[in-house]
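Here the structure comes first, spelled out in structure tokens, and everything after it is commentary.
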Amino acid sequence: MPGEETSDPYRVWLSEVMLQQTTVAAVTPRFERFLARWPTVEALAAAADEDVLSEWAGLGYYARARNLIACAREVAGRGGFPDTEEELRKLPGIGGYTAAAIAAIAFGRRAVVIDTNVERVVARLHGIDVPIAEAKDRIRELADALTPQVGAGDFAQAMMDLGATICRPRAPECTKCPLSPDCKAFASGEPERFPAPKRKLVRPTKHGIAQWIERDGCIWLIRRPAKGMLGGMAALPGPEWTADTANEGPALARVTHVFTHFRLELDIVAASEPEREGWWQALSQISDAGLPTLYRRAIDAVLESRTKLAA
DNA sequence: GACGCGTGGCA
DNA sequence: TTGCCAAGCGT
């Protein structure tokens, strides 16, 4: 974990994968639960897929969990984590950042660890005012030049801490920054202009229907296809989401959920019979179902409207 | 290089 | 309320 002194590659790997695009605050309690349940990579490798996906529920980017399982099995099969950046990079779910971070933090290798924090710090330091995507190679050269031969892992964590707390995207606290005397962005008087912002993404709205099939205090859940949105996760049954308005009839509830690249308006409608493979999940134990946030919110919305009607 | 892929916090 | 952003990866 951030700031934690550790060299156990399993812990470093697990925390780094969890932290991909996910905040420390969100990860910390989940990391502890994961570790308590599967203390070693061998234990994780032996776990059932659905148990791991369920434990990951709510963390998002579920391909990470699928890759985590595949990676754990590969590592357990070969008797442990490889200790070089090059070999780590070949494992599922381990890209350039994570391979470098594990090599440096867990194995004490010199590796150039580049995440968005490092990119921003370096871009400001050197006054790079084009979008990051156009300056990847230049930033790598500059980050390489900054990285010490010994202690690359500590250096990387220090750079990431600097980026997260002082050299923030907005309202950087340059007066507290040890690099400000050498920083071109600070010298410009407008450090926030560096690097140039990414192009804004358009977020269309999609519509969907989820079926509420209830019997004896249980609802019918299904498992989504292994690939694509919420791949492999537990879900309410229903047709694929579309760009068109899908439902004009009565709904038990509607939830709006924002994904990375679209907004979803999901109507939950009553249905009588299961139409595909799945299982009955007791509503009293719905939190054990491993539902991603979209479906957890959908079910909460139905139960809440029911409570209000009864009141 | 660009896009698909979740979620929650914050201004 | 809306948009931005987060210790990225796979295709």
Side-chain angles (χ1 to χ4, degrees), chain A residues 1-4 11-31 53 56-68 70-71 88-102 104-106 111-121 130-137 143 153-165 167-172 192 195 197-206 224-233 235 241 255-264 266 291-297:
Chain A
M1 295 300 294
E4 181 182 337
R11 289 184 179 227
V12 174
W13 164 70
L14 182 59
S15 63
E16 290 297 343
V17 172
M18 282 190 170
L19 285 164
Q20 289 166 7
Q21 298 288 285
T22 309
T23 58
V24 172
V27 164
T28 301
R30 309 300 299 270
F31 174 77
L53 292 173
W56 197 274
L59 271 178
Y61 286 134
Y62 298 101
R64 291 184 297 171
R66 303 194 297 270
N67 286 328
L68 195 80
C71 185
L88 287 160
R89 181 67 181 78
K90 296 175 182 172
L91 292 166
I94 298 185
Y97 162 78
T98 305
I102 297 173
I105 296 168
V112 182
V113 181
I114 301 175
D115 75 327
T116 56
N117 289 301
V118 175
E119 287 175 343
R120 184 173 56 257
V121 171
V130 299
I132 290 289
E134 297 173 27
K136 289 280 186 188
D137 292 345
D154 289 343
F155 174 78
Q157 298 201 36
M159 286 286 276
M160 293 189 284
D161 285 345
L162 183 69
T165 60
C167 194
R168 302 175 299 205
R170 280 172 296 191
E192 220 177 294
K198 289 178 289 192
R199 275 209 316 281
K200 202 167 55 174
L201 59 93
V202 290
R203 195 135 50 190
T205 296
K206 290 188 181 183
R224 293 177 60 85
K227 294 187 176 182
M229 284 293 299
L230 309 177
M233 299 302 290
W241 312 325
V255 292
T256 298
H257 193 72
V258 180
F259 293 109
T260 304
H261 58 293
F262 63 93
R263 171 190 313 272
L264 177 68
L266 184 69
L291 288 162
T293 299
L294 167 67
Y295 292 110
R296 181 179 55 69
R297 289 186 54 216

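From a predicted model like this one, the values you see are computed outputs, not experimental measurements. Below, read A as the first sequence line, B as the second, and so on, with proteins coming before strands; counting in each chain starts at 1.
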Between [options], which nucleotide gets closest to the side-chain atoms of [X]?
{"X": "A:Phe262", "options": "C:dG8, B:dC5, B:dC3", "value": "B:dC5"}
{"X": "A:Pro169", "options": "B:dG6, C:dC5, C:dC4", "value": "C:dC5"}
{"X": "A:Tyr62", "options": "B:dT7, B:dC5, C:dA6", "value": "B:dT7"}
{"X": "A:Leu294", "options": "B:dT7, B:dG6, C:dG3", "value": "B:dT7"}

Side-chain donor-acceptor pair under 3.5 Å between [X] and [Y], yes or no?
{"X": "A:Glu16", "Y": "A:Tyr97", "value": "yes"}
{"X": "A:Asn117", "Y": "A:Arg120", "value": "yes"}
{"X": "A:Arg224", "Y": "A:Tyr295", "value": "yes"}

Atom [atom1] of [X] and atom [atom2] of [Y]: how far apart are they, to the nearest 0.5 Å?
{"X": "A:Arg297", "Y": "A:Leu291", "atom1": "CZ", "atom2": "CG", "result": "13.5 Å"}
{"X": "A:Arg11", "Y": "A:Ile105", "atom1": "CZ", "atom2": "CD1", "result": "14.0 Å"}
{"X": "A:Leu266", "Y": "A:His257", "atom1": "CG", "atom2": "NE2", "result": "10.0 Å"}

If we only count heavy atoms from C-beta on, is the [X] to [Y] side-chain gap below 4.5 Å?
{"X": "A:Thr260", "Y": "A:Tyr61", "result": "yes"}
{"X": "A:Thr22", "Y": "A:Arg30", "result": "no"}
{"X": "A:Val113", "Y": "A:Phe155", "result": "no"}
{"X": "A:Met229", "Y": "A:Phe259", "result": "yes"}

Any base atoms under 4.0 Å from [X], or only sugar-phosphate, or nothing? Heavy atoms, all strands.
{"X": "A:Met18", "value": "nothing"}
{"X": "A:Val17", "value": "nothing"}
{"X": "A:Arg120", "value": "sugar-phosphate"}
{"X": "A:Pro197", "value": "nothing"}
{"X": "A:Ala171", "value": "nothing"}

Checklist entry - Ignoring hydrogens and angles, are the base of B:dG6 and the side chain of A:Thr22 linked by a donor-acceptor pair under 3.5 Å? => result yes
Pairs under 3.5 angstrom, nitrogen or oxygen only, protein versus nucleotides 8-11 of chain B, please.
| residue | atom | partner | partner atom | Å |
| --- | --- | --- | --- | --- |
| B:dG8 | OP1 | A:Arg296 | NH2 | 3.4 |

I'd like a list of close polar pairs between nucleotides 9-11 of chain C and the protein, N/O only, cut-off under 3.5 Å.
| residue | atom | partner | partner atom | Å |
| --- | --- | --- | --- | --- |
| C:dC9 | OP1 | A:Gly95 | N | 2.9 |
| C:dC9 | OP1 | A:Gly95 | O | 3.4 |
| C:dC9 | OP1 | A:Thr98 | N | 3.0 |
| C:dC9 | OP1 | A:Thr98 | OG1 | 2.7 |
| C:dC9 | OP2 | A:Gly96 | N | 3.4 |
| C:dC9 | OP2 | A:Tyr97 | N | 3.3 |
| C:dG10 | OP1 | A:Gly93 | N | 2.4 |

[N] phosphate, OP1 or OP2: any side-chain N/O from [X] under 4.0 angstrom?
{"X": "A:Thr116", "N": "C:dG8", "result": "yes"}
{"X": "A:His261", "N": "B:dC5", "result": "yes"}
{"X": "A:Gln21", "N": "C:dG8", "result": "yes"}

Item to check | A:Met233 CE to B:dT7 C1', straight-line distance once rounded to whole Å | outcome: 12 Å
Checklist entry - C:dG8 P sits how many Å from A:Trp56 CH2, rounded? => result 13 Å
Checklist entry - Given the P atoms of B:dC5 and C:dT2, what is the spacing between them in whole Å? => result 23 Å
Item to check | Inter-nucleotide P distance (C:dT1, B:dG6), Å rounded | outcome: 24 Å
Checklist entry - On DNA chain B, nearest-nucleotide positions of A:Glu134 versus A:Arg64: which is more 5'? => result A:Glu134
